[in-house]
Amino acid sequence: MSTKKLKINKEDLPIKEFEEVGGVFIEKNIHPNNDYLGICGNIKPIYSFFRYSPFEYLYRSFEDNTLYFSSPLKWDDPFEKQIFNLISNCTNESIYCISFNLYKNENEEAGWSLYATRSNATPVVRYSVQVKSLLDLLSEFKKKNPKAKFYLGLCDYSKDRVFLENLVKYLKSNCQLLCLKEKLSLMLLKRMSYKFENEIKLFILVPKNEEDHFIIKLKKYGFVMKDIIGSVTLPPLPIGSKLTNKEYTQLQKIINDGMMNYLQGRIGKNKSKVVNTGLYRIY
């Protein structure tokens, strides 16, 4: 029998368990411990998450002291969009998300290529987010906004394209039958080809609204952006042999120098730093 004809039943769904810790529902495979997270099967403790982002977004976050959650409808993966759209339509709350990478060094070149912007004026940077500071912020937010719910979970890369196609069909008929943890578990599914990302997703659920994003104003909860950011890494340039345009090279130098000077003046002097990737030639 062709795999494409197989139907998904509820017992086929990869459902995660979550446990509330400090106002955040955290996947049971993740264990908060003082200032880091332990993850089952992972020897190395997680002190920081990582994000790739256009520099202008990071700049804006520093200027406004805000933490930005986007609608999953803005995600690039068409399966993620489809799954979220179906789940959103049968959920009483609005769902927003921030995606982080657990590591900064696994298949580094693929990471930069995936997140790189097409605009030379707003290059992508990678920055770290300190786990303890982030969880402390979420705890403070939850105290003042009891109706909000946070869920933190690891992406599941165990399913292939065919499974996700059949999952979409299943949700069209059965989404209303699923509880909240089941819906969020399905929103953590990604294709095997994205496994190099090693993503962990932070969801916030708030009363239903029409906004395509959700913003936490940090100062309202006793935080500023530099309390949360650990380090910022500047983007690599394309492989040197392909650089034939002097103006492009000079533009990159100006951008990199500008980011270096700006960020060194903005982020914490003791615990934070700006670094180059070292993957390619940096001008």
Side-chain angles (χ1 to χ4, degrees), residues 13-53 67 69-70 72 75 77 79-80 83-84 95-112 114-115 126-142 148-160 163-164 179-205 227-233 271-272 275:
L13 301 180
I15 304 305
K16 295 175 179 283
E17 294 295 327
F18 295 87
E19 188 172 58
E20 187 171 10
V21 181
V24 181
F25 289 95
I26 298 178
E27 182 184 333
K28 283 195 173 180
N29 284 333
I30 305 171
H31 307 289
N33 190 346
N34 296 323
D35 57 347
Y36 68 88
L37 297 180
I39 297 178
C40 288
N42 208 3
I43 298 174
K44 187 177 180 180
I46 304 296
Y47 289 93
S48 298
F49 299 143
F50 297 89
R51 263 184 72 76
Y52 293 85
S53 169
L67 188 64
F69 292 76
S70 66
W75 292 346
D77 189 322
F79 286 109
E80 287 184 298
I83 292 170
F84 168 73
I95 305 172
Y96 303 97
C97 182
I98 302 180
S99 299
F100 301 103
N101 300 87
L102 285 178
Y103 312 108
K104 62 179 180 179
N105 57 1
E106 184 167 331
N107 204 343
E108 187 84 333
E109 295 183 37
W112 283 108
L114 180 64
Y115 296 104
R126 185 186 64 220
Y127 62 91
S128 66
V129 175
Q130 298 178 99
V131 167
K132 184 179 187 305
S133 297
L134 177 63
L135 294 180
D136 287 346
L137 166 65
L138 302 182
S139 180
E140 290 302 313
F141 181 90
K142 176 68 174 176
K149 301 171 188 172
F150 291 107
Y151 283 80
L152 183 68
L154 298 165
C155 282
D156 180 348
Y157 300 95
S158 65
K159 306 302 179 185
D160 60 15
F163 182 91
L164 294 178
C179 67
L180 185 57
K181 75 168 184 179
E182 292 169 337
K183 294 174 183 176
L184 291 174
S185 294
L186 299 181
M187 288 183 65
L188 290 166
L189 289 175
K190 296 198 71 170
R191 280 175 285 169
M192 294 174 178
S193 56
Y194 285 94
K195 183 173 173 51
F196 73 90
E197 292 179 329
N198 283 303
E199 278 192 324
I200 185 169
K201 292 187 182 294
L202 174 63
F203 296 101
I204 181 171
L205 285 74
D227 294 331
I228 296 173
I229 299 298
S231 64
V232 179
T233 301
K271 63 185 178 182
S272 306
V275 296

A.B. asks: For the aromatic rings, using the six-membered ring if either is Trp, is the centroid distance between Phe141 and Phe150 under 6.0 Å?
C.D. replies: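 Centroid distance Phe141-Phe150: below 6.0 Å, so yes.
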A.B. asks: Donor-acceptor pair, Glu182 side chain versus Cys179 backbone, under 3.5 Å?
C.D. replies: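 Such a contact is found between Glu182 side chain and Cys179 backbone.
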A.B. asks: Please determine whether a side-chain nitrogen of the Lys or Arg among Lys201 and Glu199 lies less than 4.0 Å from a carboxylate oxygen of the Asp or Glu.
C.D. replies: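 Counted as a salt bridge, because a side-chain N and a carboxylate O are separated by less than 4.0 Å.
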A.B. asks: Would you confirm whether Lys159, through its side chain, and Lys190, through its main-chain N or O, come within 3.5 Å as a donor-acceptor pair?
C.D. replies: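 No, Lys159 side chain to Lys190 backbone: no donor-acceptor pair under 3.5 Å.
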A.B. asks: Are the side chains of Thr233 and Tyr127 in contact, using a 4.5 Å heavy-atom criterion?
C.D. replies: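 When only atoms from C-beta onward are counted, Thr233 and Tyr127 do not touch, as no gap falls below 4.5 Å.
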A.B. asks: Shortest non-hydrogen contact from Phe50 to Ser48?
C.D. replies: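 Shortest heavy-atom contact: CE1-O, 3.9 Å.
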A.B. asks: Contact between Leu152 and Leu138 at the side-chain level, heavy atoms closer than 4.5 Å - yes or no?
C.D. replies: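 Sidechains of Leu138 and Leu152: no contact.
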A.B. asks: With rounding to the nearest 0.5 angstrom, report the CD1 to CG distance, Ile200 to Leu188.
C.D. replies: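 Ile200 CD1 to Leu188 CG: 9.0 Å, rounded to 0.5 Å.
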A.B. asks: Taking the side chain as every heavy atom from C-beta outward, state whether Leu189 and Pro14 have any atom pair closer than 4.5 Å.
C.D. replies: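 Leu189 vs Pro14: side chains touch.
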A.B. asks: From Ser99 OG over to Phe69 CZ, what is the distance, rounded to the nearest 0.5 angstrom?
C.D. replies: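 With rounding to 0.5 Å, OG (Ser99) is 10.5 Å from CZ (Phe69).
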A.B. asks: Are the side chains of Ile95 and Ile204 in touch, meaning some heavy atoms are under 4.5 Å apart?
C.D. replies: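 No - every pair of side-chain heavy atoms lies 4.5 Å or more apart.
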A.B. asks: Does some side-chain heavy atom of Leu180 sit less than 4.5 Å from a side-chain heavy atom of Lys149?
C.D. replies: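 Yes, their side chains come closer than 4.5 Å.
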A.B. asks: Between Phe100 and Phe49, is the ring centroid distance below 6.0 Å?
C.D. replies: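 Between Phe49 and Phe100, which both carry aromatic rings, the centre distance is below 6.0 Å.
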A.B. asks: So do Leu205 and Tyr151 actually touch side chain to side chain, heavy atoms under 4.5 Å?
C.D. replies: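 Side chain of Tyr151 against side chain of Leu205, heavy atoms only: contact under 4.5 Å found.
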A.B. asks: Just say parallel, tilted or perpendicular for the rings of Trp75 and Phe84, cut-offs at 30° and 60°.
C.D. replies: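 It falls in the tilted class, 30° to 60°.
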A.B. asks: Is the side chain of Asn101 donor-acceptor paired with the backbone N or O of Glu197 at a distance under 3.5 Å, no angle test?
C.D. replies: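 Checking the backbone N and O of Glu197 against the side chain of Asn101, a donor-acceptor pair under 3.5 Å is found.
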A.B. asks: Apply side-chain contact (heavy atoms from CB on, under 4.5 Å) to Tyr103 and Ile46, showing your working.
C.D. replies: CA-CA 9 Å; Tyr103 312 108; Ile46 304 296; 3.9 Å; yes
A.B. asks: Considering only NZ, NE, NH1 and NH2 on the basic side and carboxylate oxygens on the acidic side, decide whether Arg191 and Asp77 come within less than 4.0 Å.
C.D. replies: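 Looking at Asp77 together with Arg191, the answer is yes, because their closest N to O distance falls below 4.0 Å.
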A.B. asks: Can you name the closest pair of heavy atoms from Pro72 and Met187 and give their distance?
C.D. replies: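 In terms of heavy atoms, the two residues are closest at CG-CE, 3.8 Å.
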A.B. asks: So, the side chain of Asn33 versus the backbone of Tyr36: is there a donor-acceptor pair under 3.5 Å, distance only?
C.D. replies: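 Checked: no pair found.
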A.B. asks: List for me each residue that meets side chain to side chain contact (heavy atoms under 4.5 Å, CB included) alongside Pro32, sequence neighbours excluded, and say none if there are none.
C.D. replies: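 Expected list: Val21, Ile26, Leu37.
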A.B. asks: My understanding is that only residues two or more places apart in sequence, or in another chain, count here; which of them pass ring-ring contact (aromatic ring centres under 6.0 Å, His included) with Tyr157?
C.D. replies: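 Residues passing ring-ring contact (aromatic ring centres under 6.0 Å, His included) with Tyr157: none at all.
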A.B. asks: Which residue pairs pass the salt bridge (charged side-chain N to carboxylate O under 4.0 Å, His left out) test with at least one member in residues 22-38, sequence neighbours excluded?
C.D. replies: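 Of all non-adjacent pairs touching residues 22-38, those that pass salt bridge (charged side-chain N to carboxylate O under 4.0 Å, His left out) are Lys16-Glu27.
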A.B. asks: Show your working on side-chain contact (heavy atoms from CB on, under 4.5 Å) between Leu154 and Asn198 and close with a plain yes or no.
C.D. replies: CA-CA 8 Å; Leu154 298 165; Asn198 283 303; over 6 Å; no
A.B. asks: Would you say Ser185's side chain and Lys181's backbone share a donor-acceptor pair under 3.5 angstrom?
C.D. replies: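 Yes, because the side chain of Ser185 sits within donor-acceptor range (under 3.5 Å) of the backbone of Lys181.
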A.B. asks: Please assess Leu164 against Ile83 for the test side-chain contact (heavy atoms from CB on, under 4.5 Å), listing each intermediate value before the final yes or no.
C.D. replies: CA-CA 9 Å; Leu164 294 178; Ile83 292 170; 4.2 Å; yes
A.B. asks: As a quick check of understanding, evaluate side-chain contact (heavy atoms from CB on, under 4.5 Å) for Ser128 and Arg51, giving each step before the final call.
C.D. replies: CA-CA 6 Å; Ser128 66; Arg51 263 184 72 76; over 6 Å; no
A.B. asks: Mind checking the SG-CG spacing from Cys97 to Leu202? Nearest 0.5 Å is all I need.
C.D. replies: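 It is 7.0 Å, given to the nearest 0.5 Å.
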A.B. asks: Flag the pair Asp227 / Leu137 as yes when at least one side-chain heavy-atom distance between them is below 4.5 Å, and no otherwise.
C.D. replies: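 When only atoms from C-beta onward are counted, Leu137 and Asp227 do not touch, as no gap falls below 4.5 Å.
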